[in-house]
Amino acid sequence: MGIESEVPESGGGIRRRNCVCTKDDFLPEESFKSWGNYVNALRQTPTRLIERALTRSNDEAELEAKSQSHHEMKKTLTWWDLIWFGMGAVIGAGIFVLTGLEASQDAGPAVVLSYAVSGVSALLSVFCYTEFAVEIPVAGGSFAYLRVELGDFVAFIAAGNILLEYVIGGAAVARSWTSYFATLLNFESDKFLITAHGLAKDYNQLDPIAVAVCFIICIIAIRSTKGSSRLNYVASIIHIVVIVFIIICGLIKADTKNYTPFTPFGARGIFKASAVLFFAYVGFDAVSTMAEETKDPARDIPIGLVGSMVITTTVYCLLAITLCLMQPYQSIDPKAPFSVAFKAVGWSWAQYIVAAGALKGMTSVLLVGAVGQARYLTHIARTHMMPPWFSYVDEKTGTPVNATAVMMSATAIIAFFTKLEILSNLLSISTLFIFMLVALALLVRRYYVSGVTTNANRNKLIICLLLILGSSIATAAYWGLSEKGWIVYCFTLPIWSAATAGICIFIPQARNPKLWGVPLVPWLPSLSIAINIFLLGSIDKDSFIRFAGWTGFLLAYYFFFGLHASYDTAKEFEKSKGWKNNIEEGNGTSNVVVSKDVPIAPVASGN
């Protein structure tokens with residue numbers, strides 16, 4: 001699909017012609033066959049939107065969707081691969097760049113507490129992701145999970161932010177790669193940036209090296225997942241050796257006077273830094289997209305995801321402590337903090353080792369990000385919410401070549417223009433928003449099953465979830481708007497506690513995990529919701545404006561294209577497979593019976 005077409009030969013055979021794309025590769029659905037069809041589809045937008053917003057997929061449907069890619073991804077990964085992929089995906093630009101930025105501007109030496117808060121939030125999200133990844137081992141990651149529990153519309157909005165997260169994250173890492181490469185060659189960190197005076201501020205520092213790095217990573221990711229894993233092994237081992245070197249040698253040159261004052265910016269600075277530093281933990285969700293290529297998801301995914309996150313959080317905290325003991329926080333370089341810190345304490349030779357290790361780490365982050373983001377886009381395209389051309393999996397390499405190439409091209413373009421500070425804030429918003437939705441979806445999964453949960457329990461669940469969300473949003477908003485107030489917390493925190501306890505006491509679980517489950521439900525996912533929303537309240541206003549602009553673009557695309565493509569796909573399969581629309585007793589909503597041989601099931605339940 002999308003990279004080849006079939007041409008009849010004179011002998012009656014079929015000859016493959018490469019690199020030919022047609023409109024049907026991108027918009028094959030009935031609504032786009034003609035302008036008349038498209039205008040008619042637009043007129044039906046409200047009706048179609050209501051149906052798709054209320055439509056939920058199911059586990060079997062997401063698993064069956066793999067057939068849309070023509071060829072299956074190869075199951076080659078174990079828990080050992082996933083741990084290294086997890087560390088390779090996460091330990092990169094966040095720790096090597098943002099530590100200096102946030103320590104010098106927002107948190108001071110207390111940046112270690114910022115990392116701890118972000119780490120706890122990330123670990124809670126890891127638990128939620130793990131249960132979904134074990135139960136639904138597909139390349140779609142959080143998009144597939146949200147589609148099953150919260151419906152198509154919410155899943156699409158989340159999907160757009162997932163893709164934004166990966167593009168921005170990769171761009172930020174690519175630009176950081178350039179800064180450390182410059183220090184490795186004994187230049188200033190911005191040596192290789194080209195200033196374009198005709199462009200707006202924050203977008204006029206052009207980075208051609210970042211573009212070249214993205215291109216090389218794209219080629220590696222396309223060739224083989226197992227090959228990418230092996231390269232990640234090598235890069236990650238070198239990276240770990242360098243991190244151990246930084247911690248040991250850095251502590252040798254430590255001065256405890258640099259830890260005074262410990263919290264120069266107060267608690268507000270700690271949480272502000274924590275919201276931005278969540279960027280440093282972005283990447284573990286890429287590991288969940290590899291579930292489709294994992295040999296034993298029930299065993300390998302929990303060990304790989306949780307293990308890599310615990311190791312990563314420990315390493316981050318140790319590195320943050322080391323940096324702030326080496327230099328006063330006011331003197332820390334925001335672009336290449338560890339290299340400059342060793343130079344400042346008289347160990348100039350060490351900056352080259354640090355720079356080389358940082359480059360290895362950031363290369364791993366880019367590689368795992370390229371693998372993960374392509375698999376997200378592949379699964380989204382399988383549902384036709386994005387053009388199905390992106391879902392093609394190459395038979396020889398077993399990798400999604402179209403999705404990989406397009407996503408890395410977008411990453412390279414953003415990296416060429418945009419400053420790290422803008423990228424990190426916008427990335428944190430998208431990530432925290434998605435992680436909050438996944439935790440919410442887990443509560444829905446455990447406590448609501450169509451045909452099992454009574455109407456009364458369903459209504460109780462809705463009320464409790466709205467109270468959890470409302471109290472968390474109120475707490476975050478008050479934190480962001482009030483400098484010293486506290487009275488609102490006396491209301492919002494008890495409401496959150498009561499709503500979570502209400503789920504625990506008054507609503508029976510409708511589904512038990514088959515293979516691996518999150519502990520302490522509903523408390524753990526509810527806490528994940530609260531922390532993620534609270535950290536959102538610490539992000540600057542301009543980043544929210546950019547986030548709103550991106551969300552507006554997503555809505556426009558969905559209303560004009562994605563909605564109609566997914567609607568037509570659902571109706572086509574419903575008609576061809578003879579699905580039945582049944583009305584559930586007592587609630588008047590439709591439930592679609594899915595045949596086991598359906599290649600993709602865009603509609604599985606109308607609740």
Side-chain angles (χ1 to χ4, degrees), residues 93-125 165 168-169 172 176 202 259-282 313 316-317 319-321 323-324 327-335 337 419-436 472-486 488-489 492-493 527-548:
I95 185 65
F96 283 113
V97 177
L98 291 183
T99 305
L101 184 67
E102 295 307 310
S104 61
Q105 297 183 7
D106 291 320
V111 70
V112 63
L113 299 182
S114 301
Y115 270 117
V117 171
S118 296
V120 169
S121 179
L123 187 58
L124 294 175
S125 297
E165 167 195 325
I168 290 178
S176 300
D202 296 334
Y259 244 49
T260 304
F262 182 66
T263 56
F265 302 98
R268 190 167 295 274
I270 293 173
F271 285 108
K272 182 179 179 181
S274 183
V276 176
L277 291 174
F278 204 89
F279 166 75
Y281 291 95
V282 171
T313 302
Y316 277 0
C317 290
L319 285 171
I321 291 171
L323 178 64
C324 293
Q327 272 190 296
Y329 73 90
Q330 304 95 326
S331 304
I332 294 175
D333 184 83
K335 293 183 178 179
K419 285 181 65 175
L420 178 66
E421 292 85 345
I422 292 175
L423 295 172
S424 60
N425 278 334
L426 186 54
L427 174 65
S428 292
I429 292 181
S430 294
T431 305
L432 290 166
F433 174 68
I434 294 161
F435 290 174
M436 180 273 294
S472 299
I473 292 171
T475 301
Y478 189 65
W479 171 264
L481 297 173
S482 175
E483 292 288 336
K484 298 181 179 180
W486 56 270
V488 171
Y489 305 135
T492 58
L493 297 181
L527 183 60
S528 179
I529 292 171
I531 293 179
N532 287 329
I533 292 177
F534 181 77
L535 292 177
L536 282 171
S538 299
I539 294 177
D540 65 279
K541 181 183 69 174
D542 289 342
S543 296
F544 275 102
I545 293 173
R546 297 184 188 105
F547 176 73

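As the structure is a computational prediction, the values presented were derived from the model and not from experiment.
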Peer 1: Could you report the tightest heavy-atom contact between Leu535 and Ala275, atom names first, then the distance?
Peer 2: O-CB, 3.2 Å
Peer 1: To the nearest 0.5 angstrom, please state how far the CE atom of Met436 sits from the CD1 atom of Ile473.
Peer 2: 7.0 Å
Peer 1: Decide yes or no for Ile332 and Thr99: does some side-chain heavy atom of the first lie under 4.5 Å from some side-chain heavy atom of the second?
Peer 2: no
Peer 1: Apply side-chain hydrogen bond (donor to acceptor under 3.5 Å, both in side chains) to Ser104 and list each qualifying residue two or more places apart in sequence or on a separate chain.
Peer 2: none
Peer 1: Can you list the residues that meet the ring pair (Phe, Tyr, Trp, His ring centres under 6.0 Å) rule with Tyr259, with sequence neighbours excluded?
Peer 2: Phe262
Peer 1: Just to verify, what does Phe433 make a ring pair (Phe, Tyr, Trp, His ring centres under 6.0 Å) with, not counting sequence neighbours?
Peer 2: Phe547
Peer 1: My understanding is that only residues two or more places apart in sequence, or in another chain, count here; which of them pass side chain to side chain contact (heavy atoms under 4.5 Å, CB included) with Leu527?
Peer 2: Leu124, Trp496, Ile531
Peer 1: State, to 0.1 Å, how close Ala107 and Gly269 come at their nearest heavy-atom pair, and which atoms those are.
Peer 2: CB-O, 4.1 Å
Peer 1: How far apart are the closest heavy atoms of Ala273 and Ser114, and which atoms are they?
Peer 2: CB-OG, 3.5 Å
Peer 1: So, applying side-chain contact (heavy atoms from CB on, under 4.5 Å) with Pro109, which one of Pro328, Pro264, Pro261 is it?
Peer 2: Pro264
Peer 1: Going by side-chain hydrogen bond (donor to acceptor under 3.5 Å, both in side chains), name the residues that satisfy it together with Thr492, two or more places apart in sequence or in a different chain.
Peer 2: Thr475
Peer 1: Tyr316 vs Tyr115 aromatic rings, parallel, tilted or perpendicular, using cut-offs 30° and 60°?
Peer 2: tilted
Peer 1: Which atoms form the tightest heavy-atom contact between Gly119 and Thr313, and what is the distance?
Peer 2: CA-OG1, 3.9 Å
Peer 1: To the nearest 0.5 Å, how far apart are CG in Leu123 and OG in Ser118?
Peer 2: 12.5 Å
Peer 1: Just verifying a value: how many Å separate Phe271 CZ and Leu113 CG, rounded to the nearest 0.5 Å?
Peer 2: 9.0 Å
Peer 1: For Ser528, what residues pass the side-chain hydrogen bond (donor to acceptor under 3.5 Å, both in side chains) criterion, not counting sequence neighbours?
Peer 2: Asn532
Peer 1: Would a distance-only check, ignoring hydrogens and angles, find a side-chain to backbone donor-acceptor pair under 3.5 Å from Ser176 to Ala172?
Peer 2: yes
Peer 1: Testing the basics here: between Ser125 and Phe435, what is the closest heavy-atom pair and its distance to 0.1 Å?
Peer 2: OG-CB, 3.5 Å
Peer 1: With no hydrogens and no angle check, is any side-chain donor or acceptor of Ser121 less than 3.5 Å from a backbone partner on Val117?
Peer 2: no
Peer 1: Quick one: does Arg268's side chain get under 4.5 Å of Trp479's, heavy atoms only?
Peer 2: yes
Peer 1: Find the distance between CD1 (Ile429) and CD1 (Ile434) and round it off to the nearest 0.5 Å.
Peer 2: 11.5 Å
